[in-house]
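Below is one structure, written out as structure tokens, with a few remarks after it.
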Amino acid sequence: MRQDYQEFVELNTEIIVIGSEKVELFKNYWFKEDLPFIGLPDPEHIIQNLYGQVVNLFKLGRLPAQALIDLSGMTRYLHYGNSMMDIPPNKDIIALIKRTL
Amino acid sequence: MMAKVELNTYAPEFTASDFNGENISLSSFTNRMNVYLVFNRGFS
């Protein structure tokens, strides 16, 4: 994600990563990895539940999910992963932004 | 069953604090930037 962030910015798109980790763990990870985009700790799962991120106990946690929201606030793309590895490549999201937004 | 977002509808609004304590609202990006929300599986 970090390597493609500038391309998202050039397409007028901010990235917000939301995770279950507590604030300190989130902060440490962000600084350690020197991530340029926004990170939102959601340890009480408020936003995760609001957006329907699926918890799969057999797969040991929350499955990945992504949403692309346009300038007007409309949801233009949604992906709910079927496995921990089911994450769309950044290049696909970038192509979608170029095509539709 | 958890709420799920529908395509081509307004995304649910939220406000949360980032790890620096700064409030981030989805609506603050309206008419300014697209937003790509990434819901992590976790760092660990």
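Letters A, B, ... are given to chains in the order of the sequence lines, protein chains preceding strands, and every chain is numbered from 1. Model, not experiment: these values are computed from the prediction.
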To the nearest 0.5 Å, tell me how far [X] [atom1] sits from [Y] [atom2].
{"X": "B:I24", "Y": "A:I38", "atom1": "CD1", "atom2": "CD1", "answer": "4.5 Å"}
{"X": "A:L71", "Y": "B:R32", "atom1": "CG", "atom2": "CZ", "answer": "10.0 Å"}
{"X": "B:F29", "Y": "A:E14", "atom1": "CZ", "atom2": "CD", "answer": "5.0 Å"}
{"X": "B:F39", "Y": "A:I18", "atom1": "CZ", "atom2": "CD1", "answer": "4.0 Å"}
{"X": "A:E21", "Y": "B:N40", "atom1": "CD", "atom2": "CG", "answer": "6.5 Å"}
{"X": "B:E13", "Y": "A:L50", "atom1": "CD", "atom2": "CG", "answer": "9.5 Å"}

Neighbour count above 12 (heavy atom, 6.0 Å) for B:Y10 OH |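 Count not over threshold, so no.
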Taking the side chain as every heavy atom from C-beta outward, state whether A:R76 and B:N8 have any atom pair closer than 4.5 Å.
->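 Sidechains of B:N8 and A:R76: in contact.
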Would you mind reporting whether B:F19 and A:F31 have side-chain heavy atoms less than 4.5 Å apart?
->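 A side-chain contact exists here, since the closest heavy-atom pair is under 4.5 Å.
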With sequence neighbours excluded, tell me which residues meet salt bridge (Lys or Arg N to Asp or Glu O under 4.0 Å) with A:R2.
->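 Here the qualifying residues are A:E33.
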Tell me, please, which residues at least two apart from A:D42 pass salt bridge (Lys or Arg N to Asp or Glu O under 4.0 Å).
->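 Scan of A:D42 (salt bridge (Lys or Arg N to Asp or Glu O under 4.0 Å), adjacent residues dropped) gives none.
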Step-by-step side-chain contact (heavy atoms from CB on, under 4.5 Å) determination, B:D18 to A:K27 | CA-CA 9 Å; B:D18 69 9; A:K27 186 175 186 174; over 6 Å; no
Pick from A:L11, A:V23, A:L40, A:V9 with the largest number of heavy-atom pairs that fall under 4.5 Å of chain B =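 Most heavy-atom pairs under 4.5 Å with chain B: A:L40.
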Residue among A:G73, A:S72, A:G81, A:P64 with most heavy-atom pairs under 4.5 Å to chain B |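 Of A:G73, A:S72, A:G81, A:P64, A:G73 has the most heavy-atom pairs under 4.5 Å with chain B.
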Nearest heavy atoms of B:V5 and A:Y80, plus distance in Å |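 Taking every non-hydrogen atom into account, N-OH, 3.4 Å.
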Under a 4.5 Å heavy-atom cut-off, does chain B meet the side chain of A:F8, its backbone, both or neither?
->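 Answer is side chain: those atoms of A:F8 sit under 4.5 Å from chain B.
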Please flag which part of B:S17 lies under 4.5 Å from any non-hydrogen atom of chain A: side chain, backbone, both or neither.
->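 Only the backbone of B:S17 comes within 4.5 Å of chain A.
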Which portion of B:E22 sits near chain A, non-hydrogen atoms under 4.5 angstrom =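 Contact with chain A involves no heavy atom of B:E22 at all.
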Who passes side chain to side chain contact (heavy atoms under 4.5 Å, CB included) against B:A11, sequence neighbours left out?
->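 A:Y51, A:I69, A:T75, B:L26.
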Under a 4.5 Å side-chain heavy-atom rule over Ile, Leu, Val, Met, Phe, Trp and Tyr, are [X] and [Y] clustered together?
{"X": "A:I46", "Y": "A:F26", "result": "no"}
{"X": "A:I87", "Y": "A:V17", "result": "no"}
{"X": "B:M33", "Y": "A:M74", "result": "no"}

Contact listing (chain B partner; residues 91-101 of chain A; heavy atom under 4.5 Å) |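 Listed by number, the contacting residues are A:I93, A:I97, A:L101.
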